[in-house]
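First the structure, in the form of structure tokens, and then the observations on it.
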Amino acid sequence: QVQLVESGGGLVQAGGSLRLSCVASGRTINTYAMAWFRQAPGKEREFVGGINWSGHSTYYADSVKGRFTMFRDNAKNTMYLQMNALKNEDTAVYYCAADSTASSLRVGVLDYGMDYWGEGTLVTVSS
């Protein structure tokens, strides 16, 4: 079993930055593809971005491309989401996820094939 714990959420003004962290425990995640998702109030969960096992390949939703950056430190069993130029519409609970069965993001598969999920961290962007 893999436990994922997100942190780093909070209140930030529009145009500001936050860095989210996702720490894994229980197993080493250095062979897993991972991703960030978010769910805004009253909306369905949506994909934010994904990263392959090495961190050398990333994939982002159009809504965050150019503003958000994912990276990982496998030695620390941790994945990060650097969020810059935040907008009101980025307000959401952010979830990290891991795919224990694939090293690269499985585009086209439900939830990109993620089988482990964290509890989420709230990001609120104010005007």
Side-chain angles (χ1 to χ4, degrees):
Q1 287 286 346
V2 176
Q3 292 78 44
L4 302 173
V5 178
E6 304 93 337
S7 63
L11 176 64
V12 62
Q13 286 193 326
S17 298
L18 277 178
R19 178 178 292 184
L20 305 184
S21 300
C22 172
V23 178
S25 61
R27 288 185 188 171
T28 300
I29 58 165
N30 59 4
T31 61
Y32 297 177
M34 298 189 71
W36 287 97
F37 292 75
R38 67 186 182 186
Q39 186 166 19
K43 296 188 176 181
E44 301 218 339
R45 186 174 64 199
E46 66 173 354
F47 173 80
V48 174
I51 190 167
N52 77 330
W53 68 277
S54 67
H56 292 158
S57 178
T58 53
Y59 181 77
Y60 299 99
D62 288 343
S63 59
V64 306
K65 203 173 292 183
R67 299 187 299 121
F68 290 12
T69 303
M70 293 179 64
F71 56 103
R72 63 194 295 169
D73 185 340
N74 286 337
K76 295 182 178 180
N77 239 24
T78 302
M79 175 181 67
Y80 302 92
L81 179 66
Q82 178 65 42
M83 305 185 293
N84 298 330
L86 283 161
K87 304 176 181 180
N88 290 342
E89 51 264 42
D90 294 319
T91 293
V93 176
Y94 284 71
Y95 300 91
C96 74
D99 182 354
S100 66
T101 66
S103 297
S104 296
L105 201 63
R106 292 193 279 164
V107 179
V109 175
L110 177 65
D111 286 336
Y112 293 81
M114 301 294 146
D115 53 352
Y116 290 102
W117 297 81
E119 295 292 317
T121 185
L122 176 63
V123 172
T124 304
V125 184
S126 65
S127 300

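If you're wondering where the values come from, they're calculated on a predicted model, not measured in any experiment. For the single chain, residues carry numbers from 1 onward in sequence order.
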How about Gln1: does its CD atom have over 12 heavy atoms from other parts shown lying under 6.0 Å from it?
no
Determine yes or no for a side-chain-to-main-chain donor-acceptor pair under 3.5 angstrom, with Asp99 supplying the side chain and Leu105 the backbone.
no
Can you tell if the side chain of Asp90 reaches within under 4.5 Å of the side chain of Phe68, non-hydrogen atoms only?
yes
Check: Ala92 main-chain N/O paired with Arg38 side-chain donor or acceptor under 3.5 Å:
no
Check: Ala24 main-chain N/O paired with Asn77 side-chain donor or acceptor under 3.5 Å
yes
Can you tell me if Lys65 has over 12 outside heavy atoms packed within less than 6.0 Å of its NZ?
yes
I'd like to know if Val125 and Val48 are part of one continuous hydrophobic network [Ile/Leu/Val/Met/Phe/Trp/Tyr, side-chain heavy atoms within less than 4.5 Å].
yes
Do Met83 and Val12 sit in the same hydrophobic cluster, where Ile, Leu, Val, Met, Phe, Trp and Tyr count as joined when their side-chain heavy atoms come under 4.5 Å apart?
yes
Would you give the length of the straight line joining atom OG of Ser21 to atom CZ of Arg72, rounded to the nearest 0.5 angstrom?
13.5 Å
Can you name the residues that form a salt bridge (charged side-chain N to carboxylate O under 4.0 Å, His left out) with Asp111, not counting sequence neighbours?
Arg45
Give a yes or no answer on whether the side chain of Thr124 reaches the backbone of Thr91 with a donor-acceptor pair at less than 3.5 Å.
no
Could you measure the distance from the CE atom of Met114 to the CE atom of Met34? Nearest 0.5 Å is fine.
8.0 Å
Go through the structure and list residues passing salt bridge (charged side-chain N to carboxylate O under 4.0 Å, His left out) with Lys87, not counting sequence neighbours.
none
Any side-chain heavy-atom pair from Leu20 and Glu6 closer than 4.5 angstrom?
no
Can you name the nearest heavy-atom pair linking Ser17 to Ala85, along with the distance?
OG-N, 4.4 Å
Please list, chain by chain and in numerical order, all residues satisfying salt bridge (charged side-chain N to carboxylate O under 4.0 Å, His left out) with Arg27, sequence neighbours excluded.
none
What pairs of residues pass the ring pair (Phe, Tyr, Trp, His ring centres under 6.0 Å) test when at least one of them lies in residues 21-47, not counting sequence neighbours?
Phe37-Phe47, Phe37-Trp117, Phe47-Tyr59, Phe47-Tyr112
Just wondering, do Met79 and Leu4 contact through their side chains at under 4.5 Å, heavy atoms?
no
Set of salt bridge (charged side-chain N to carboxylate O under 4.0 Å, His left out) partners for Glu119, sequence neighbours left out:
none
Gln82 CD to Leu18 CG distance, which is reported to the nearest 0.5 Å:
8.5 Å
Shared hydrophobic cluster for Tyr116 and Tyr94 (ILVMFWY, side-chain gaps under 4.5 Å)
yes
In residues 50-57, what donor-acceptor pairs under 3.5 Å come from side-chain atoms, sequence neighbours left out?
| unit_1 | atom_1 | unit_2 | atom_2 | d |
| --- | --- | --- | --- | --- |
| Asn52 | OD1 | Ser54 | OG | 3.4 |
| Asn52 | OD1 | Gly55 | N | 3.0 |
| Asn52 | OD1 | His56 | N | 3.1 |
| Asn52 | OD1 | Ser57 | N | 3.0 |
| Asn52 | ND2 | Ser54 | OG | 3.3 |
| Ser54 | OG | His56 | N | 3.2 |
| Ser54 | OG | His56 | ND1 | 3.4 |

With hydrophobic residues grouped by side-chain heavy-atom distances under 4.5 Å, do Leu122 and Tyr95 end up in a single group?
yes
Check: Ser103 side chain, Thr31 main-chain N or O, donor-acceptor pair, under 3.5 Å
yes
Side-chain heavy atoms of Val23 within contact of Ser7, under 4.5 Å:
no
Mind checking the CG-CE spacing from Leu81 to Met70? Nearest 0.5 Å is all I need.
6.5 Å
For the hydrophobic clusters of this structure (ILVMFWY residues joined by side-chain heavy atoms under 4.5 Å, transitively), does one cluster hold both Ile29 and Val5?
no
